[in-house]
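Here the structure is a predicted model, which means the values were calculated and not measured. Note that these values count all heavy atoms, side chains included, but never hydrogens, waters or copies made by symmetry. Each chain gets a letter, A, B and so on, in the order its sequence line appears, and its residues count up from 1.
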Number of protein chains: 2
Amino acid sequence: MLTIGSLGKKTGTKVQTIRYYEQIGLMPEPGRTEGGQRRYGDTEVDRLSFIRHSRQLGFPLEAIRELLDLSDNPDRSCHEADSIARRQLKQVELRMDRLKALRTELKRMIQECSGGNTADCKVLEVLRDHSECLTDHDGIGA
Amino acid sequence: MLTIGSLGKKTGTKVQTIRYYEQIGLMPEPGRTEGGQRRYGDTEVDRLSFIRHSRQLGFPLEAIRELLDLSDNPDRSCHEADSIARRQLKQVELRMDRLKALRTELKRMIQECSGGNTADCKVLEVLRDHSECLTDHDGIGA
DNA sequence: TGTAAATGTTCTAGTTGCTAGAGGTTCAAG
DNA sequence: CTTGAACCTCTAGCAACTAGAACATTTACA
């Protein structure tokens, strides 16, 4: 039986985060000691590992909730899990494309820095001049 | 003189977002009509364009605040702007590296999907098996 | 057995960068 | 002069946590 702290260490999760997952129903309410402290077993270690690994792959918590659901019903079709993963891959590729464009522009900006004073700073100039760039209005690499 | 709506259209910014920037002191308080509606001039168009363009390049609002500050003081050194940009480039490259790793793992996952039922779904299996991956504990492509 | 340190508890509020809605006012066109 | 679009303020919500206050429990060691 593990304390919340050791579970955290085992899975690379902060204690507060584990409690947060419990609060939003992603982790089950665990057993408690007489004094009211949480105690965890192997099932919980596995579940939390699954969650953390999925998070590291960028899956949003709602997608993880679906995946856990699929995982709990072994007779359902694999296609659903597959399509969730595909959706996630699309997201990742989209973000990569955006970041690539950003990197290019940032590099250009930096290369042109004269090192003088800000009055003729290329960095600020590029930032000011909106027209030069591919005006991707809902931009940001979110 | 522009209304907040036309300023928004000109710069690709939602009205609420402009008010939010004002609230956090990134945009100045503009003049008002007798009825209390905001009216903007060219200065504000420029400033907001600068902000939006910087956001599209992924700069956090705090960095933009610094950049605007530099921009307002033309006698200060360009190096500060340069180093902010460099910091930002580092962030972008870090995120790209992470996303690249994620993409690889996601692709592998998807390719191995058998299409059967979830009991032997590779996607779920990979997600369950934490050991296979480069355990990047504070991971996420944030 | 006593006690102190480490770890646990709940609750609330903050983070970033917006976005949405309620409920009301002003403005510009016809 | 009316109508309807666009404005106003204010509050709350989103994701996915993180941090802190104020207190309780557990564990290790003397």
Side-chain angles (χ1 to χ4, degrees), chain A residues 1-27 29-40 44 48 50-68 88 91 95 98 137-142, chain B residues 1-27 29-40 44 48 50-68 88 91 95 98 137-142:
Chain A
M1 282 302 174
L2 297 168
T3 65
I4 196 169
S6 2
L7 175 63
K9 246 163 229 162
K10 245 189 195 223
T11 58
T13 316
K14 296 211 171 139
V15 166
Q16 300 285 42
T17 306
I18 299 173
R19 289 200 274 250
Y20 169 72
Y21 288 161
E22 182 183 326
Q23 192 190 303
I24 62 169
L26 216 59
M27 287 293 286
E29 292 188 21
R32 302 267 185 156
T33 62
E34 285 196 12
Q37 298 196 353
R38 292 167 178 83
R39 287 300 122 97
Y40 296 93
E44 282 96 340
L48 186 51
F50 184 99
I51 295 171
R52 292 313 289 176
H53 193 188
S54 303
R55 285 294 298 131
Q56 280 162 25
L57 288 170
F59 289 91
L61 291 181
E62 275 321 296
I64 296 171
R65 211 188 281 277
E66 287 181 68
L67 288 166
L68 281 165
Q88 182 54 24
Q91 286 298 309
R95 272 187 271 168
R98 283 206 180 130
H137 265 180
D138 39 49
I140 239 65
Chain B
M1 282 301 174
L2 298 169
T3 63
I4 196 170
S6 4
L7 175 63
K9 246 163 228 161
K10 246 190 192 219
T11 57
T13 317
K14 297 213 170 139
V15 167
Q16 301 284 41
T17 306
I18 298 173
R19 289 200 275 249
Y20 168 72
Y21 287 161
E22 182 184 327
Q23 192 190 302
I24 62 168
L26 216 58
M27 286 294 286
E29 292 188 20
R32 302 265 184 157
T33 63
E34 285 197 12
Q37 298 196 354
R38 292 167 178 84
R39 287 300 120 99
Y40 296 93
E44 282 97 340
L48 186 52
F50 184 99
I51 295 172
R52 294 311 290 176
H53 194 186
S54 303
R55 286 293 298 133
Q56 279 162 27
L57 289 171
F59 289 92
L61 292 180
E62 275 321 297
I64 295 171
R65 210 188 282 276
E66 286 181 69
L67 288 166
L68 282 166
Q88 182 54 24
Q91 286 297 310
R95 274 188 270 168
R98 282 202 181 134
H137 264 179
D138 38 46
I140 242 64

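- If you measure from atom NZ of Lys9(B) to atom C1' of dA5(D), you get 10 Å, rounded to the nearest angstrom.
- Atom CE in Met1(A) sits 7.5 Å away from atom CD in Glu44(A) (nearest 0.5 Å).
- Of all non-hydrogen atoms in Ile64(A) and Ile51(A), the two that sit nearest each other are CD1-O, 3.8 Å.
- Pairing each heavy atom of Arg52(B) with each of Thr11(B), the nearest pair is CG-O, 3.9 Å.
- Whole-Å rounding puts the Ile4(B) CD1 to dA28(C) C1' distance at 18 Å.
- Atom CG of Leu2(A) and atom P of dG8(C) are 11 Å apart (whole Å).
- To the nearest 0.5 angstrom, Met27(A) atom CE is 13.0 Å from Arg19(A) atom CZ.
- Contacts of Arg38(B) with the nucleic acid, taken as non-hydrogen atoms under 4.0 Å apart, involve only primed sugar atoms and P, OP1 or OP2.
- Counting non-hydrogen atoms under 4.0 angstrom, Ile24(A) reaches nothing in the nucleic acid.
- If you measure from atom CD1 of Ile18(A) to atom C1' of dT9(C), you get 14 Å, rounded to the nearest angstrom.
- In this structure, Glu29(A) places its CD atom 13 Å from P of dT9(C), rounding to the nearest Å.
- Remark: Phe50(A) CZ to Leu68(A) CG distance equals 5.0 Å, nearest 0.5 Å.
- Residues Tyr40(A) and Ile18(A) form a side-chain contact, since some pair of their non-hydrogen atoms from C-beta on lies under 4.5 Å apart.
- Note: Leu61(A) CG to Ile24(A) CD1 = 5.0 Å, rounded to the nearest 0.5 Å.
- Across Pro30(A) and Arg38(A), no two heavy atoms sit closer than the pair CG-CG, 3.6 Å.
- Between Thr3(A) and dT7(C) there is no side-chain N or O to OP1 or OP2 distance below 4.0 Å.
- The separation between Arg19(B) atom CZ and dC10(D) atom C1' is 11 Å, rounded to whole Å.
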Enumerate all atom pairs, one protein N or O and one N or O from nucleotides 23-27 of chain C, separated by less than 3.5 Å.
from	atom 1	to	atom 2	distance (Å)
dC27(C)	OP1	Thr33(B)	OG1	2.8
dC27(C)	OP1	Gly35(B)	N	3.1

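- Rounded to whole angstrom, the span from the CZ atom of Arg32(B) across to the P atom of dC7(D) amounts to 13 Å.
- To the nearest 0.5 Å, atoms NZ (Lys14(A)) and CD1 (Ile4(A)) are separated by 14.0 Å.
- If you take CE of Met27(B) and P of dC18(C), they are 13 Å apart, rounded to a whole angstrom.
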Can you give one letter per nucleotide of nucleotides 11-21 of chain D, 5' to 3': B if a protein heavy atom sits under 4.0 Å from the base, S if only from the sugar-phosphate, - if neither?
-----BBSBB-
